[in-house]
Protein chains: 2
Amino acid sequence: MHNVSHELSVGDSVYEALRHDIIFGRLAPSAKLKLDRLKADYSVSIATLREALNRLVTEGFVKTEGQRGFFVAPMSAAGLREIADLRILLECHALKLSFEAGDTEWEARVIAAHHKLSRMEERMKSGDHSAKEVWKQYDWEFHQALISACGSEALLNVHGTVFDKYLRYQMRTLTFRGDPAAIEHRALLDSAMVRDISTAQSVLRKHIEGGVEHSLAQSG
Amino acid sequence: MHNVSHELSVGDSVYEALRHDIIFGRLAPSAKLKLDRLKADYSVSIATLREALNRLVTEGFVKTEGQRGFFVAPMSAAGLREIADLRILLECHALKLSFEAGDTEWEARVIAAHHKLSRMEERMKSGDHSAKEVWKQYDWEFHQALISACGSEALLNVHGTVFDKYLRYQMRTLTFRGDPAAIEHRALLDSAMVRDISTAQSVLRKHIEGGVEHSLAQSG
DNA sequence: ATTTTTGTAATAATCGATTATAGATAATAT
DNA sequence: ATATTATCTATAATCGATTATTACAAAAAT
């Protein structure tokens, strides 16, 4: 009986489902998370739900106030700026380490990830907005690939959480930033290949700040 | 019936107790966390325990592998260096923001925190090592005060977790680094008062790297 | 009329019991 | 004798039920 290692337990899958639903806005910011309701919606017991919610609490996607239960973490313009600044700090640093340590394997990962992302961006540009989640998945994979040779598990972990919080803000504004973002991704790829860290960092900074401005302009 | 707001629930206090026991080494790195045993030791139900453990999982103090239960996060020289680098990155950045935004209130907090720490360091120097936990509490309060005006809740949160992970490594080597650390704290205080960020950052970097070398030398 | 008290319903926190899984040991087959 | 399967035991994951807390509403008091 060979057990497939990536079999998900009930607890793991409700954790992922909740996390996904918060990031992609199906659970609104600041919404009360009533346990009975969630129990029905996700078909798990209260105890298992509470375990998943507790994981999300230390991750910052869920807040808990006194003994008055759980709430989806609120969102604000200030919060977006904080998260964006943090992402810039962490990702620029990881990028530098990665550029210094990356080997040919790494280059191949970056090129492959960019290819997938680039194809998706072409589809988006030509009006096909059906697969926003897949697009964002590829965006993640590209940025992840760029920093994947940084050599620090701890740095990659905290970056991952911050990235997903940033993503949550991006998901609120439904529109595709399109051309500028695609051009910046291309510039990142090119600087990675020639290990031009200072260009890469300044492109990345503008890339993230551009996303912030796009978001804030949308939401008014 | 006026309810004191900082009353701790059973779940909150077992979370804090577990976290404390991991950081201060009462629960050894990589140790299996058997639920029945913990239930007896901390006098709570399995369900409540599991909620606390799940919080610690996303925080990185506890690991969970498949459905084989919970383990204390392992420690390693590489892990220490990763955490130290992360602390340097986050704390130097927060320090800069704090120096730019800090007002007189902030200066007062920094001075007060340094005073408490400094007095404790004098006691440690004269051989009184009875209050290691209190000393580390004051160390935390001083570093926290220095960056407290940085203006980013998100940055302070992630720094807090990283700081505690660094602290966990420091707690393994039982000795007091003494004079050098105290001198560096003084230098940090002085640069804060005159807003000399570049000196402060270089002192802080040395302060943290010094702690790493001290740890690694101890543990052989 | 406003504030305080008291009772009640809704909901969260906690627990003990049940089910499922993994690891170890014994039994069987080649 | 070794490898494979079956059985058993320890432990984790999950659940339903119980207890405690909060929020709301109605009544009473100033």
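Note that the coordinates shown come from a computational prediction; the quantities given were computed from them, not determined experimentally. Chain letters run A, B, ... following the sequence lines, proteins first and then strands; every chain starts at 1.
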### Summary
Dot-bracket for DNA chain D, 5' to 3', Watson-Crick and G-U pairs with both distances under 3.5 Å, [ ] for crossing pairs, | for partner on another strand, reads ||||||||||||||||||||||||||||||

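At distances below 3.5 Å, at least one donor-acceptor pair connects side-chain atoms of A:S148 with backbone N or O atoms of A:A145. Looking only at distances, no side-chain donor or acceptor of B:W140 sits under 3.5 Å from a matching main-chain atom of B:G160. In terms of modelled atom types and a separation under 3.5 Å, the side chain of B:W106 and the main chain of B:L146 share a donor-acceptor contact.
Between the CD atom of B:E65 and the P atom of C:dA22 there is a distance of 12 Å, rounded to whole Å. Rounded to whole Å, atom P of D:dA13 lies 11 Å from atom CZ of B:R68. One can place OH of A:Y15 at 15 Å from P of D:dT14, the figure rounded to the nearest angstrom. For the pair B:K63 NZ and D:dA12 P, the interatomic distance rounds to 18 Å; values are reported in whole Å. Between the CD atom of A:Q67 and the C1' atom of C:dT11 there is a distance of 12 Å, given to the nearest Å.
In the set D:dT14, D:dA12, C:dA13, D:dA12 carries the atom at the smallest distance from any side-chain atom of B:K32. Closest approach to the B:S45 side chain among D:dT14, C:dT14, D:dA23 is made by C:dT14 (side chain taken as heavy atoms from C-beta onward).
No side-chain donor-acceptor contact under 3.5 Å links A:Q144 and A:H159. Counted by atom type alone, B:E133 and B:H20 present one or more donor-acceptor pairs between their side chains at under 3.5 Å. Between the side chains of A:K96 and A:Q201, not a single donor N or O lies within less than 3.5 Å of an accepting N or O.
The aromatic rings of B:F142 and B:H185 sit perpendicular to each other, their planes meeting at more than 60°, with 30° as the lower class boundary.
Applying the side-chain hydrogen bond (donor to acceptor under 3.5 Å, both in side chains) rule to pairs touching residues 26-35 of chain B yields B:D21-B:R26, sequence neighbours excluded. Applying the salt bridge (Lys or Arg N to Asp or Glu O under 4.0 Å) test to every pair with at least one member in residues 141-155 of chain A, sequence neighbours left out, gives these pairs: A:K116-A:E141.
Taking the salt bridge (Lys or Arg N to Asp or Glu O under 4.0 Å) definition, one finds that B:R19 meets it with B:E59, B:D164, sequence neighbours left out.
The stretch residues 35-44 of chain B touches DNA chain C through B:K39, B:V44, each having a heavy atom under 4.0 angstrom from the strand. Taken residue by residue, residues 46-56 of chain B places heavy atoms nearer than 4.0 Å to DNA chain D at B:R50.
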### Task
Show the numbers, then the answer: is there a salt bridge (charged side-chain N to carboxylate O under 4.0 Å, His left out) between B:K136 and B:D139?
CA-CA 5 Å; B:K136 277 295 153 194; B:D139 181 61; 3.8 Å; yes

